[in-house]
Novice: 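Can you keep this structure in mind? I'll have questions shortly.
Within every chain, numbering begins at 1; the chains are lettered A, B, ... in the order of the sequence lines, protein sequences first and strands thereafter.
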Amino acid sequence: MGLPMTLLLPLTFLLPLAGTLILSISRGTLSERASAFVGVASIGLSALVTGLIFLQFLAGDGAPQTVTLWTWIAVGDFQPTIGLALDGLSLTMLGVITGVGFLIHLFAAWYMRGEEGITRFYAFMNLFVFSMILLVLGDNLLMLFLGWEGVGMCSYLLIGYYYQHSTNGWAAFKAFIVTRIGDVFLAIGMFLIFLELGTLNIAEILQRAPEVWARGDTMVELAALLILGGAMGKSAQLPLHTWLADAMAGPTPVSALIHAATMVTAGVYLIARMNGIFTLAPDVLYLVGVIGALTLLMAGFAALAQTDIKRVLAYSTMSQIGYMFLALGVGAFDAAIFHLMTHAFFKALLFLSAGAVIVSCHHEQDMSRLGGLWRRLPLAYAGFVIGGAALAALPLITAGFYSKDEILWQALASGNGGLLLAGLIGAFLTSLYTLRLIIGTFHGETKSDNARHAEAGRGLVHGLPLVVLAVLSTFLGAWLQPPLADVLPASPGEGVHAWHTALEIIASATALAGIALGAWLFLRRREWLARLAGQGWGARLWTLWNHAWGFDAFFDRLLVRPYRGLVRLLSGDPLDGLIGLSTRLAWLFNAGLTRTQTGKMRIYATSMVFGATLVLLVLVLGA
Amino acid sequence: MSGVPMEHGLVLAAILFALGLAGLMFRRNMIFVLMSLEVMLNAAGLAFIVGGTAWQQPEGQAMFLLVITLAAAEASVGLALLIQLNHRFKTLDLDAASRMRG
């Protein structure tokens, strides 16, 4: 255990970077197996290093450790460093990124086999892990921003991985542009913080913020609001959520790693990391909770009316991140991070199981063309059931129960009845759509030939990640309590126990009621439900939810079309026409004067006479 | 001589000048154009003479000498141009030499 942190911490991200470099330099020369080996091994080694760091950190006194590698830029007072900071929060994130990331990389070796461009795939995935680690380890906001933009770029590259279809390219564009709106907010927030506090170092910001700003100061509220803008974009919260469902165009391991387990939770990490700013801005913090509550309800209803299994999972991701925002909003930062961790486990499990289904059924991912698969794909079925149970927070046996219960409890303890109610309704919706997903995929009759000829995946590479994640999704995963006590401020529910048991029972009952209703509806009342969704108000509601409350159409009318109209207007370059008027006038005069140059001497003489006469007239009459 | 008023002389000069000018403007044959120019120069000379006589000043006659000299120079250059015109275009029509139009 004698390895110094100065070596271990940089290793965590240098290994994935090395993987990226090897893969991108050797493009085309490495075989599929070799590419996959490099891609998986780099993350595996990184995970091992993280394990070592974890042991050392736990053996130590738990104090935050910083490693400054070198000064990045030095301009006057502005001297951001390439510096790493390790505390309980970044360690938790690091564990999720490298641990879950390794399992997903491993699974991808099975999922992507035989695909074209596997070297490219692993190069991007490793680059993503590299950026994500920089994001969580950076000790200043500029490092964080570097990682933030890096993961955004990798997300773009991987959503558009199957670039032969233009729709995937557009989905990648959408994700990039919508998150970029949030990034601009974050960048401006960083400028504001530097302007006001004179530093970008996170520890110094948190230390100086209470000295410079009073609670509820306009400036600190503005800074918090701008940071929230960045977090909303990255974490797909209302109203910047529209990109996440389309981001499912990427390969399924990408959806599992980037669009469920790690990158989309970066917003939660950011707000938890800047907790000192947010506690100074209680209004904005409350807004965080409200946004989370609205998002979790909106996404919950939308998930009910999707037929693509990946889109159901995408909306459930939005909804679960909504829970995390809700927890942040009531000041329960550690509950949010705890849910982030368990969510990473069970959502990665769900996505990987979905990937197993998709590959087994010859790239069929529409529920209306699946069904009855549970006998053919037992491992994927088990993954779905365990992951789904954790997602629906089935009491006592799942990891999701402990984290979600904690969030609801903190909402109650902080006295936010509205947020609690939203959380409970969301929990009900969650179990409803989860059951619909499982029944639609695995039960009932098989609806297409692709599903009828499903071949279950085999081998360690396919099975190991599913099994490990399934174990982590049960109550065993909830035993991994992240070491956050020293990093994040105390939650409102600390030390209070009244009503806790009652709330646990209510939350459990809500989840179970959702499942009972789901089982009754989706197993016994299938025809009635189909009839209901086929006509009148039911059909309208179905369309509305299927299009996720029509946000895409709304933004299309509000922003895209006016913008395109403006573009059409400006494509003729009217300003250039205005400036071009002078040249056109010059040409006109030129043409007129050219016509007088006839070359005929008599006409020149005549015009001279007229000119002279005119001048004389003016002189004589004017005198 | 003193019986002729200045106005009459000046009017005669103006008429001669106008005739010459008209010839310059409307004639196409270069010989006639040159002759019109001579007429205009002489009209100007006549105006000088008339003025010099009326005010009893010698400068009028001196200016006339200058005008004659100028007219001689002009005639030689003009005739040289005329020969060149005839040589190049086989015509005396001035409009034929209009290649320098814009």
Novice: Looking at CE of B/Met25 and CE of A/Met608, how far apart are the two atoms once the value is rounded to the nearest 0.5 Å?
Specialist: 11.5 Å

Novice: Counting only heavy atoms not in A/Gln79, do more than 12 sit closer than 6.0 Å to its CD atom?
Specialist: yes

Novice: Should we say atom CZ of A/Phe554 is surrounded by more than 12 heavy atoms from elsewhere, each under 6.0 Å from it?
Specialist: no

Novice: Would you name the heavy atoms of B/Leu24 and A/Ala605 that are closest together and state the gap between them?
Specialist: CD2-CB, 4.1 Å

Novice: Roughly how far, to the nearest 0.5 Å, is CG of B/Asp93 from CZ of A/Arg602?
Specialist: 7.5 Å

Novice: Checking heavy atoms, do the side chain of B/Ala96, its backbone, both or neither come under 4.5 Å from chain A?
Specialist: neither

Novice: Under a 4.5 Å heavy-atom cut-off, does chain A meet the side chain of B/Arg28, its backbone, both or neither?
Specialist: both

Novice: Inspect the surroundings of CE in B/Met35 and state if more than 12 heavy atoms from other residues, nucleotides or ligands are less than 6.0 Å away.
Specialist: no

Novice: Do other residues, nucleotides or ligands put more than 12 heavy atoms under 6.0 Å from the CZ atom of A/Phe191?
Specialist: no

Novice: Roughly how far, to the nearest 0.5 Å, is the CG atom of B/Leu94 from the CD1 atom of A/Ile603?
Specialist: 11.5 Å

Novice: Assess whether atom CZ of A/Phe555 is packed by more than 12 heavy atoms of other residues, nucleotides or ligands within 6.0 Å.
Specialist: yes

